[in-house]
There are 2 protein chains.
Amino acid sequence: MSSTRILILGVLLDGPLHGYEVRRRLELMGTHHWANLAYGSIYHGLGKMADEGLLDRVEEGKGGKTVYGLTDIGRAEFMRGLLGHWWEIKPIVDPFQVALTFMDRLSQAELTSAMEARAAQLRFSVEMVTRAMGGKQAYGAPPHIDECLRLNILQLRAQLTWVEEAVGRVRKGELP
Amino acid sequence: MSSTRILILGVLLDGPLHGYEVRRRLELMGTHHWANLAYGSIYHGLGKMADEGLLDRVEEGKGGKTVYGLTDIGRAEFMRGLLGHWWEIKPIVDPFQVALTFMDRLSQAELTSAMEARAAQLRFSVEMVTRAMGGKQAYGAPPHIDECLRLNILQLRAQLTWVEEAVGRVRKGELP
DNA sequence: GACGACATATACAAATTTGAGTACAAACTT
DNA sequence: AAGTTTGTACTCAAATTTGTATATGTCGTC
């Protein structure tokens with residue numbers, strides 16, 4: 001089961017919604033930080049899953065608006081897919097690894113300036129997310145949402161650690 | 001420029017290849033660990049980029065075999081795309097964050113067993129990659145390839161740190 | 001009460017991805 | 001030498017993703 005589907009099914013758990021509302025709930029959850037879900041994909045997913053019986057077209061709308069609700073099959077499939085995501089370690093798709101793979105094709109000057117820029121951006125991101133966490137606490141969001149941010153910060157710091165260490169070695173000529 | 005394209009152009013930098021050889025070079029580089037590149041996409045990418053002038057069909061083959069080589073435009077586009085990947089921090093697409101977002105939909109028992117399994121798998125992965133690094137050193141691979149692994153290990157450790165800490169809090173009932 | 005700015009809500013064509021399917025040659029088995 | 005596995009090399013239809021285009025309501029303001 002694709003992440004797209006899990007996300008759509010997940011926001012429908014608490015009641016039927018139409019496409020636009022699904023998109024907004026996902027945005028509230030901050031999915032754009034760690035997923036790449038285009039609007040069009042939501043409508044496609046809703047339609048497809050309705051055809052497959054995971055969803056019901058609860059209310060065919062005046063003006064094209066359609067409200068979708070979970071069926072029992074859909075609820076079961078969500079659980080199956082969710083457990084799958086917990087148990088399987090799937091490779092994280094990281095576009096930066098692509099950059100890294102070809103670092104030897106850049107000049108030392110290009111490399112060090114890109115790396116420094118990257119370090120700065122990462123430090124900025126860490127600070128932003130840290131603040132977001134403080135903010136949400138007060139805002140009444142469930143505590144497990146903070147875990148997403150906490151994990152995010154750890155990952156960003158891991159990247160930062162790498163860049164800071166690597167830029168030093170590039171300067172010394174040990175890399176690439 | 002998509003990661004798919006960068007990867008294909010990247011392996012063609014050192015000389016023309018046919019589709020199957022591109023796929024093998026990518027596999028040697030370990031792209032399957034951090035990218036999701038289906039075989040079909042390689043052939044599609046090659047054909048499309050040839051139509052767009054980034055590649056040349058160097059040798060139309062007997063038996064459908066076609067060898068592609070970089071054009072000057074392709075080489076320039078590769079550089080442009082590579083720099084883009086260095087300068088832009090794109091969100092890492094992490095399917096586990098999907099799992100995390102809906103952690104409150106699982107029972108404590110489901111959660112703790114999934115988390116423990118995950119911790120074990122992560123520890124195993126860290127060890128595997130660590131060994132792979134030691135092995136490659138002797139094998140004569142360029143030093144910057146190790147950097148991919150080094151970053152990988154840091155990211156895995158970040159995930160492990162999170163799981164180990166979170167499973168404790170789930171047990172204490174602080175989560176979700 | 002008309003106008004523009006903005007939010008709501010979806011549709012759609014084009015591009016890309018997916019992975020099973022095909023085909024054929026080389027190496028190995030019995 | 002006939003059969004079987006393995007490796008090479010690509011094709012293709014189906015599914016999915018992407019991003020832009022479109023349509024419609026709503027709110028203030030002049």
Side-chain angles (χ1 to χ4, degrees), chain A residues 1-9 11-12 16-28 31-32 34-55 57-69 77 81 84 88 90-91 93 95 98, chain B residues 1-9 11-12 16-28 31-32 34-55 57-69 77 81 84 88 90-91 93 95 98:
Chain A
M1 165 109 49
S2 71
S3 296
T4 303
R5 285 186 166 212
I6 305 257
L7 287 170
I8 295 174
L9 293 174
V11 293
L12 290 174
L17 301 170
H18 55 80
Y20 187 68
E21 186 64 19
V22 169
R23 158 202 189 293
R24 286 215 316 198
R25 297 278 173 104
L26 288 174
E27 234 158 50
L28 271 179
T31 57
H32 51 286
W34 42 262
N36 244 344
L37 191 46
Y39 308 146
S41 300
I42 295 173
Y43 293 99
H44 174 265
L46 287 169
K48 198 76 205 306
M49 288 195 286
D51 291 347
E52 291 171 9
L54 310 200
L55 299 178
R57 272 176 255 259
V58 172
E59 193 187 319
E60 283 293 344
K62 37 245 158 185
K65 185 147 82 171
T66 308
V67 177
Y68 295 86
E77 280 293 288
E88 284 168 45
K90 293 189 205 163
V93 173
V98 177
Chain B
M1 164 109 52
S2 70
S3 297
T4 303
R5 286 186 166 211
I6 305 258
L7 287 169
I8 295 173
L9 293 175
V11 292
L12 290 175
L17 301 171
H18 55 80
Y20 187 69
E21 186 63 21
V22 169
R23 160 202 190 292
R24 285 215 316 200
R25 298 278 174 103
L26 289 174
E27 234 157 50
L28 271 180
T31 56
H32 51 286
W34 42 262
N36 244 346
L37 191 44
Y39 309 145
S41 300
I42 295 172
Y43 293 100
H44 174 265
L46 287 170
K48 198 76 205 307
M49 288 195 286
D51 291 347
E52 291 171 11
L54 310 200
L55 299 179
R57 272 177 255 259
V58 172
E59 192 186 318
E60 285 292 344
K62 38 247 159 184
K65 186 146 83 170
T66 309
V67 177
Y68 295 86
E77 280 293 288
E88 285 168 44
K90 293 190 204 162
V93 174
V98 177

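Every chain is numbered from 1 and lettered A, B, ... according to where its sequence line falls, protein lines coming before strand lines. Bear in mind the structure is a predicted one, so any value in this text is a computation, not a measurement.
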Practice item. Go along nucleotides 16-21 of chain D 5' to 3' and tag each nucleotide: B for a protein heavy atom under 4.0 Å from its base, S when only backbone or sugar atoms are that close, - otherwise. Key: BBBB--

Review point. Quick one: bend of the helix from dG1(C)-dC30(D) to dT30(C)-dA1(D) from 5 pairs per end, to 10°?
Key: 10°

**Study point:** Value rounded to 0.5 Å, distance of CG in L55(A) from OH in Y68(A)
**Key:** 8.0 Å

Practice item. Give a yes/no answer on whether the side chain of R23(A) brings an N or O atom under 4.0 Å of OP1 or OP2 in dA9(C). Key: no

Review point. What integer distance in Å separates L7(B):CG from dT17(C):P?
Key: 11 Å

Practice item. Figure out the NZ/C1' separation between K65(B) and dT11(D), and round it to whole Å. Key: 16 Å

Check your understanding: What residues, two or more places apart in sequence or in another chain, satisfy salt bridge (Lys or Arg N to Asp or Glu O under 4.0 Å) together with E77(B)?
Key -> R80(B)

Exercise for review: Return the set of residues passing salt bridge (Lys or Arg N to Asp or Glu O under 4.0 Å) with K48(B) (not counting sequence neighbours), or none when no residue passes.
Suggested key: E52(B)

Check your understanding: Salt bridge between E21(A) and R24(A), side-chain N to carboxylate O under 4.0 Å?
Key -> yes

Check your understanding: Could you give the CG-to-P distance, from D51(B) to dA15(C), as a whole number of Å?
Key -> 11 Å

Check your understanding: If you check the Y20(B) side chain, which of dT10(C), dT8(C), dT8(D) turns out closest?
Key -> dT8(D)

Extract all donor-acceptor atom pairs below 3.5 Å that involve side chains of residues 35-47 of chain B and protein atoms in other chains or at least two apart in sequence.
unit_1 : atom_1 : unit_2 : atom_2 : d
Y39(B) : OH     : R23(B) : NH2    : 3.3
Y43(B) : OH     : Y20(B) : N      : 3.3

Hey, what are the protein-to-nucleotides 23-25 of chain C N/O distances that come in under 3.5 Å?
none

Check your understanding: Between Y43(B) and dT11(D), does any side-chain N or O lie under 4.0 Å from OP1 or OP2?
Key -> no

Point to revise | Distance, nearest 0.5 Å, that separates OG1 of T4(B) from CG of L9(B) | key: 10.5 Å

